[in-house]
Structures are given as C-alpha cells and as structure tokens.
Amino acid sequence: MAVFSFLLGSMIGLACALIGWLAYDMSLFAGLGLYLSASILVGMALVLSAVHTHDNAGREVGA
C-alpha cells in the first residue's frame, strides 16, 4: 500500500510542478521543490490514513 501511495503522490507532485513551471512561470528549482514537497506530503498522508484503518492484529477498524 505504501508503494502505491508514494507512486500516486509522485504523479500528483509531477502534475503540480509542471503546471507551476509552465503556467505560472515558476523557476525550475521552485518546480522541483514543489514536486518534492507535494509528492512526500501526499504519499505520507495516504500511508498514515491507511495505517489508521487497521488495528494491531491487521483487521480493518469500523467507523
């Protein structure tokens, strides 16, 4: 699950960086920083949300 979360975060970060670089005239290094921060934040948010839906025995926790 964590691998797919970071892959999804990487794709979202790439889209944010490309849009910022091409449409909003950001510098290349600012786009790289945006890519890194967005990909790590989205990936970690998805991993943490997946971890909190399971208990210690690995069973899914109800709402």
Side-chain angles (χ1 to χ4, degrees):
M1 181 69 187
V3 173
F4 294 114
S5 297
F6 283 111
L7 284 174
L8 181 64
S10 181
M11 288 187 287
I12 291 172
L14 180 64
C16 290
L18 284 176
I19 289 170
W21 183 51
L22 295 173
Y24 295 112
D25 200 29
M26 293 172 61
S27 69
L28 188 61
F29 290 118
L32 179 66
L34 180 63
Y35 162 73
L36 289 174
S37 62
S39 64
I40 290 172
L41 286 173
V42 169
M44 284 304 293
L46 290 173
V47 167
L48 289 176
S49 67
V51 167
H52 289 297
T53 59
H54 294 83
D55 61 2
N56 292 336
R59 293 183 301 268
E60 205 169 309
V61 177

> Just distance, no hydrogens or angles: give the donor-acceptor pairs under 3.5 Å from side chains in residues 36-43, sequence neighbours left out.
| from | atom 1 | to | atom 2 | distance (Å) |
| --- | --- | --- | --- | --- |
| Ser37 | OG | Gly33 | O | 3.0 |
| Ser37 | OG | Leu34 | O | 3.2 |
| Ser39 | OG | Tyr35 | O | 2.9 |
| Ser39 | OG | Leu36 | O | 3.1 |

> Considering only heavy atoms from C-beta outward, does the side chain of Phe6 approach that of Leu46 to under 4.5 Å?
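No, their side chains stay 4.5 Å or more apart.
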> Apart from Leu7 itself, what residues make up its hydrophobic cluster when side-chain heavy atoms of I, L, V, M, F, W and Y under 4.5 Å apart count as a link, directly or indirectly?
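Members other than Leu7 - counting any ILVMFWY side chain reachable under 4.5 Å - are Val3, Phe4.
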> Is Leu32 reachable from Leu28 through a run of hydrophobic residues whose side-chain heavy atoms are each under 4.5 Å from the next?
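Yes: a chain of side-chain contacts under 4.5 Å links Leu28 to Leu32.
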> Please list every donor-acceptor pair under 3.5 Å in which a side-chain atom of residues 11-27 meets a protein atom from a residue at least two apart or in another chain.
| from | atom 1 | to | atom 2 | distance (Å) |
| --- | --- | --- | --- | --- |
| Ser27 | OG | Ala30 | N | 3.2 |

